[in-house]
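For reference, the structure discussed in these notes is given below.
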Amino acid sequence: MKMKKILVGLTTIAAVMSLAACGKKSSSSDNGTVKVGILQLIDQSALNAARKGFTEELKAQGYKGDKIKIDYVNAQGDQANLKSMSEQLKNDHNDLNLAIATPAAQALQKGDPDTPMLFTAITDPKSAGLTTSTAHPDKNATGVTDMVDVKGQIDFTHKLFPNAKKIGLLYNAAEENSVFQIKLAKQEISKLGLKVVVKTAATTNDVQQATETLASQVDAIYIPTDNTAAAAMPTIGKVSESKKVPVVNADATMIKTGGVATVGINYEDLGKQAAKMAVKILKGKKVKDLAIESPAKTELVTNAKRMKLFNLTQADLDRATK
């Protein structure tokens, strides 16, 4: 009888442990495949580059083939999509989620606060409510910002076009990251004794008119890392060419389709940087122990066609980057 009671007790303990194991979320699925969700705000070159860099670096780190399942969704700039897709990623029980751009991160943090979240293409995670500390993330979210040296870029623009007395700023006022950068840009332009002219575009459909109006009032245009402007950069490029008003972008990716030159960030590199953080989390590192990172590097990028259009030489670039 005593032995029977012992066997029953052991069986009960084993059953409880089995249930506990079933209820606990593992770091990978039963077949060893890691599940990573990606929520992207909109389909545009910079954000696409960030996603490309992220997935390629994961592959380089050994997460490829049947070792990883990428759960990718794109909200196409729609807030309703952000909400439903965040819930979808939560229901998919991923090991890790990546949010690309501020609205995507805000929606995902609200819709799925329990899954470790990485973010990129976000300028100021503190003002976005994603954390209260960049050194010690406290809301289960960390990542790589796209904050650029706005002062340096305004100086670059001024040195590249020293005769420009009026500098235009174009952005979407609904994007927190852009508002933050524009505030800094206005301060730096004023310090140089130049006039600032600001135009906003709420959607990509508003960009052409806003750019045309701005181009008729200024000598050069500076555009921050703005998602709306990035998505409509080919349109901005056409206006720049027709109005003969140069554009300098914070985002190096945007130079290809409409800018002249910049010392800016490469979003593919940002994605790779975020992927290296992802690997640490997948291997057991806690989000709170991974400080939010700034871009590891910047690069000089030029558009040869537009350099020629605005009569810029290598000597001009050397002066601007000195």
Side-chain angles (χ1 to χ4, degrees), residues 39-42 44-51 53-54 75 77 79 82 98-109 117-135 137 139 141-157 169-189 198 200-202 221-233 248-255 259 262-274 277 290-299 301:
L39 175 59
Q40 185 172 319
L41 172 64
I42 194 172
Q44 54 107 317
S45 59
L47 304 190
N48 291 343
R51 187 181 78 250
F54 182 78
Q79 288 294 328
L82 286 175
L98 171 72
I100 306 179
T102 302
Q106 291 171 323
L108 190 54
Q109 188 177 61
M117 181 176 78
L118 276 172
F119 55 71
T120 192
I122 292 176
T123 302
D124 186 10
K126 289 180 68 175
S127 68
L130 301 173
T131 185
T132 62
S133 170
T134 56
K139 295 187 178 181
T142 188
V144 184
T145 76
D146 62 0
M147 183 61 195
V148 296
D149 177 11
V150 176
K151 179 183 183 305
Q153 290 191 330
I154 294 301
D155 286 341
F156 174 81
T157 304
L169 301 175
L170 178 67
Y171 73 110
N172 182 348
E175 293 189 28
E176 295 179 37
N177 57 309
S178 301
V179 172
F180 183 76
Q181 294 172 79
I182 289 295
K183 180 180 178 180
L184 296 177
K186 289 169 68 175
Q187 292 173 351
E188 296 305 324
I189 293 170
V198 179
T200 61
I221 296 173
Y222 173 75
I223 300 177
T225 53
D226 182 274
N227 293 301
T228 302
M233 200 60 210
V248 173
N249 308 93
D251 167 16
T253 311
M254 298 162 83
I255 296 299
T262 190
V263 179
I265 53 176
N266 182 302
Y267 276 82
E268 190 169 331
D269 288 339
L270 286 187
K272 291 180 179 180
Q273 196 173 335
M277 297 181 74
L290 290 174
I292 293 169
E293 299 180 5
S294 298
K297 62 181 180 179
T298 57
E299 61 182 1
V301 177

- request: Measure the shortest side-chain to side-chain distance between N227 and N172 over non-hydrogen atoms and say whether it is less than 4.5 angstrom.
  value: no

message: Are the side chains of T142 and L118 in contact, using a 4.5 Å heavy-atom criterion?
response: yes

- prompt: Below 4.5 Å, heavy atoms only, C-beta onward: do M147 and L184 meet side chain to side chain?
  reply: yes

statement: Residue set satisfying salt bridge (Lys or Arg N to Asp or Glu O under 4.0 Å) with E176, at least two apart, ordered chain then number -> none

- prompt: Is a donor on one side and an acceptor on the other found under 3.5 Å between the side chain of E175 and the backbone of T228?
  reply: yes

message: With a 4.5 Å cut-off on side-chain heavy atoms, are D146 and T123 touching?
response: yes

query: Looking at residues at least two apart in the chain, or sitting in another chain, which of them share a side chain to side chain contact (heavy atoms under 4.5 Å, CB included) with D149?
result: K151

query: Do P137 and L290 touch side chain to side chain, with heavy atoms closer than 4.5 Å?
result: no

- prompt: Considering residues at least two apart in sequence or located in another chain, which fulfil the side chain to side chain contact (heavy atoms under 4.5 Å, CB included) criterion with A107?
  reply: L82, S86

- request: Check side chain to side chain contact (heavy atoms under 4.5 Å, CB included) between T200 and all other residues, then give those that pass, not counting sequence neighbours.
  value: Y171, A173

- request: Mind checking side chain to side chain donor-acceptor pair (under 3.5 Å) for S294 and listing every partner two or more places apart, or none if nothing turns up?
  value: none

- line: Sequence neighbours excluded, the answer for side chain to side chain donor-acceptor pair (under 3.5 Å) partners of D251 is T253

field: Set of residues satisfying salt bridge (Lys or Arg N to Asp or Glu O under 4.0 Å) with respect to K297, sequence neighbours excluded
entry: D269

message: Checking the side chain of T120 only, and the main-chain atoms of A274 only, is there a donor and an acceptor separated by less than 3.5 Å?
response: no

- prompt: Partners of D226 by side chain to side chain donor-acceptor pair (under 3.5 Å), sequence neighbours excluded?
  reply: S178

Partners passing side chain to side chain donor-acceptor pair (under 3.5 Å) against T225 (at least two apart in sequence or in another chain): Q181

message: Could you work out, with side chain to side chain contact (heavy atoms under 4.5 Å, CB included) as the rule, every residue matching Q273, not counting sequence neighbours?
response: V144, L270, E293, A296

message: Quick check: do P125 and T145 have side-chain heavy atoms less than 4.5 Å from each other?
response: yes

query: Within the side chain of K186, is there an N or O that forms a donor-acceptor pair under 3.5 Å with the backbone of L169?
result: no

query: How long is the span from the OG1 atom in T102 to the CG atom in L130, to the nearest 0.5 Å?
result: 7.0 Å

field: Close side-chain approach of T132 to K126, heavy-atom, < 4.5 Å
entry: no

query: How many angstroms lie between CD in Q106 and CD in Q79, if you round to the nearest 0.5 Å?
result: 8.5 Å

